[in-house]
A.B. asks: 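Pasting a structure below so you can have a look.
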Amino acid sequence: MEMVYIAAAIIIGMGALATGIGFGILGGKLLEATARQPEMANQLQVKTFIMAGLLDAVPMIGVGIAMYLIFVVAG
Amino acid sequence: MKPRQSRITKVPLARWLIIEFTGLSVFSLLWLLHSPLAGYSAFVGGLIFIVPNAWFVHRVYRYQGARNAHLMVGNLFRAESTKIALTAVFFAAVFTLMEPVHVPALLFTFAVMVLAGGALRWLIRPKPRR
């Protein structure tokens, strides 16, 4: 039973780590690009928003599976 | 020379929501052929995606323009972390409060909605207006 909790923790932890790194790079590049070309700020925001949607797809599914493991399999 | 007007990005949130709810209804009806419980679970799975995501879109486009770049990025981070937290809370609530639940229908519909949502934002993009 403990293994299920460990598995859920690994799923959520790795997902959070990867999303954090991804969003850090994404946000940093947005700031950098906006500072270089302020007139492009809104277009860059649109591109960042689209990439954010793609970036968090896998961790979101991971959160769902982790909750299933915690509350249904182990619960 | 005419000064350049500030651009305001038009976010097609209503269009996204209409398309997402239409797709979710179709998916739920398909699962309904399997069993009423599966249809209901699929609808709930889709809602778990749609509600936090609509909130995310609303928060991300709160600030616009180069002057507000730092607020834009800060809001992006806050909105994303809140979205993931909301998703986890909704899943926990469904798995503890909803009894019984058809788990494959719930998770499969959620996964399809997540992937379709990404594709939808790619296909129907927010348009910066001059």
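Lettering follows sequence order; numbering is per chain, from 1.
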A.B. asks: Would you mind checking which part of Leu30(A) comes under 4.5 Å of any heavy atom in chain B, side chain (CB onward), backbone (N, CA, C, O), both or neither?
C.D. replies: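 The side chain, not the backbone.
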
A.B. asks: Are Leu13(B) and Ile124(B) in one and the same hydrophobic cluster, where Ile, Leu, Val, Met, Phe, Trp and Tyr link if side-chain heavy atoms are under 4.5 Å apart?
C.D. replies: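 Yes, Leu13(B) and Ile124(B) fall within the same hydrophobic cluster.
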
A.B. asks: If you group Ile, Leu, Val, Met, Phe, Trp and Tyr by side-chain heavy-atom gaps below 4.5 Å, do Val73(B) and Ile25(A) land in one group?
C.D. replies: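 No.
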
A.B. asks: Distance from Leu26(A) atom CG to Glu80(B) atom CD, nearest 0.5 Å?
C.D. replies: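 Reported value, rounded in 0.5 Å steps: 10.0 Å.
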
A.B. asks: Heavy atoms under 4.5 Å from chain A: which residues of residues 85-97 of chain B carry them?
C.D. replies: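 If one takes a 4.5 Å heavy-atom cut-off, the residues of residues 85-97 of chain B near chain A are Thr87(B), Ala88(B), Phe91(B), Ala92(B), Phe95(B), Thr96(B).
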
A.B. asks: Considering all heavy atoms of both residues, which atom of Ala66(B) and which atom of Ala41(A) are nearest to each other, and what is their separation?
C.D. replies: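 Taking Ala66(B) first and Ala41(A) second, the nearest heavy atoms are N-CB, 3.5 Å.
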
A.B. asks: Name the atoms and distances for all side-chain donor-acceptor pairs under 3.5 Å in residues 1-22 of chain A, with sequence neighbours left out.
C.D. replies:
unit_1: Thr19(A); atom_1: OG1; unit_2: Gly15(A); atom_2: O; d: 2.6

A.B. asks: For chain B, which candidate among Ile70(A), Asp56(A), Thr34(A) shows the most heavy-atom pairs at distances under 4.5 Å?
C.D. replies: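 With the most close heavy-atom pairs to chain B, the winner is Asp56(A).
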
A.B. asks: Throw together a table of side-chain donor-acceptor distances under 3.5 angstrom for residues 43-63 of chain B, partners on residues two or more places apart or in other chains.
C.D. replies:
unit_1: Asn53(B); atom_1: OD1; unit_2: Lys83(B); atom_2: NZ; d: 2.8

A.B. asks: Using the rule that Ile, Leu, Val, Met, Phe, Trp and Tyr join whenever any side-chain heavy atoms are under 4.5 Å apart, tell me whether Phe21(B) and Tyr40(B) fall into a single cluster.
C.D. replies: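 In one cluster with Phe21(B): Tyr40(B), yes.
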
A.B. asks: Need one label for Phe49(A): side chain, backbone, both or neither, based on atoms under 4.5 Å from any heavy atom in chain B.
C.D. replies: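 The answer is the side chain of Phe49(A).
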
A.B. asks: What are the residues of residues 99-122 of chain B, in order of number, with any heavy atom under 4.5 angstrom from a heavy atom of chain A?
C.D. replies: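 Residues of residues 99-122 of chain B touching chain A at under 4.5 Å: Val103(B), Leu107(B), Phe110(B), Ala111(B), Val114(B), Leu115(B), Gly118(B), Arg121(B), Trp122(B).
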
A.B. asks: Count the heavy-atom pairs under 4.5 Å between each of Gln37(A), Lys47(A), Met67(A), Met51(A) and chain B, then report the option with the highest count.
C.D. replies: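 Highest number of heavy-atom pairs under 4.5 Å: Met67(A).
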
A.B. asks: Taking side chain as everything from C-beta outward and backbone as N, CA, C, O, which of these in Val46(A) sits under 4.5 Å from a heavy atom of chain B? Side chain, backbone, both or neither.
C.D. replies: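 Backbone plus side chain of Val46(A), per the 4.5 Å heavy-atom cut-off to chain B.
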
A.B. asks: When you group the ILVMFWY residues by side-chain heavy-atom contacts below 4.5 Å and let the links chain together, are Ile19(B) and Leu29(B) in the same group?
C.D. replies: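 No, separate clusters.
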
A.B. asks: Output the option from Val11(B), Asn68(B), Leu76(B) having the highest count of non-hydrogen pairs under 4.5 Å with chain A.
C.D. replies: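 Heavy-atom pair counts peak at Leu76(B).
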
A.B. asks: With rounding to the nearest 0.5 angstrom, report the CD to CD distance, Gln45(A) to Gln64(B).
C.D. replies: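 CD of Gln64(B) is found 5.5 Å from CD of Gln45(A).
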
A.B. asks: Under a single-linkage definition using a 4.5 Å side-chain heavy-atom cutoff for Ile, Leu, Val, Met, Phe, Trp and Tyr, are Leu24(B) and Leu37(B) assigned to the same hydrophobic cluster?
C.D. replies: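 No, no single cluster joins them.
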
